[in-house]
Structures are given as structure tokens and as C-alpha cells.
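Below you'll find the structure, written out as C-alpha cells, and then a few comments.
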Amino acid sequence: ADRLLTSGRGSDHERVAALSLTLDRHSKKALDCLARHPYLTEQELAVLLGVHHARMPQILGELQRYGLISSLGRAVL
């Protein structure tokens, strides 16, 4: 499944099936939250997912690796 996703080959249905097999529950929930609220910060998303903020780079990195999300970068406050 991972090879199908990183190669960019396969139909849309095959890619969706591969994603459902590859992504863990936190990554799936993160994707759902970001689809509904695209401007959430890492900290806000961690709270919604109920995970420690230190786990967010792993979760977001997986979604970025498969081309599901992109980052706007860090805002300077």
C-alpha cells in the first residue's frame, strides 16, 4: 500500500483504499479535522486529537509525505 501511495500510480479508488490501510487513526482524524478547519495550529490539532504535541510532527509528516496536506509555515506573532 505504501509503495502505491509514494509512486503516484494507481486509480483514485486504489489510492483511497491504500490510504485507509496505511494511515493510523490519529492521522485519519487529523486529516478530517484539517479538511474542516484548515488553519488549525499544531497545538490546536493536538488538543482536538487528544495526543501529546510532541507526536504532531509524526502525524503531520505522514500526511505531507502522501501529499494530503501542505504547510503554510510558522506564523510570527
Side-chain angles (χ1 to χ4, degrees):
D2 189 55
R3 194 174 345 173
L4 175 69
L5 293 169
T6 55
S7 72
R9 297 182 183 168
S11 70
D12 289 343
H13 293 292
E14 289 171 325
R15 289 181 48 82
V16 169
L19 284 169
S20 71
L21 294 171
T22 304
L23 297 178
D24 69 12
R25 66 183 176 96
H26 292 302
S27 295
K28 289 176 186 175
K29 188 173 178 184
L31 184 58
D32 182 58
C33 287
L34 290 170
R36 296 171 194 270
H37 309 284
Y39 297 109
L40 289 173
T41 65
E42 273 189 34
Q43 285 98 0
E44 292 168 336
L45 189 55
V47 169
L48 288 174
L49 298 177
V51 300
H52 192 273
H53 67 86
R55 181 128 191 285
M56 292 311 299
Q58 175 189 1
I59 293 170
L60 296 175
E62 181 178 43
L63 296 175
Q64 285 178 327
R65 186 173 79 221
Y66 296 131
L68 299 171
I69 63 169
S70 61
S71 173
L72 294 175
R74 296 195 182 270
V76 178
L77 301 176

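No experiment lies behind these values; they were computed from the predicted model shown. Residue numbers start at 1 and run along the sequence shown.
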Checklist outcome for this item: For E44, the side chain to side chain donor-acceptor pair (under 3.5 Å) test, sequence neighbours excluded, returns T41
Checklist outcome for this item: For L63, the side-chain contact (heavy atoms from CB on, under 4.5 Å) test, sequence neighbours excluded, returns L23, S27, A30, L31, L68, I69
Checklist entry - What closest approach, in Å, do S70 and Q64 show between heavy atoms, and which atom pair accounts for it? => result C-NE2, 4.2 Å
Item to check | Residue pairs passing the salt bridge (charged side-chain N to carboxylate O under 4.0 Å, His left out) test where at least one lies in residues 19-33, sequence neighbours excluded | outcome: D24-R55, D32-R36
Next on the checklist: Ignoring hydrogens, what is the shortest heavy-atom contact between A35 and P38? Give both atom names and the distance.
Outcome noted: O-CD, 4.4 Å
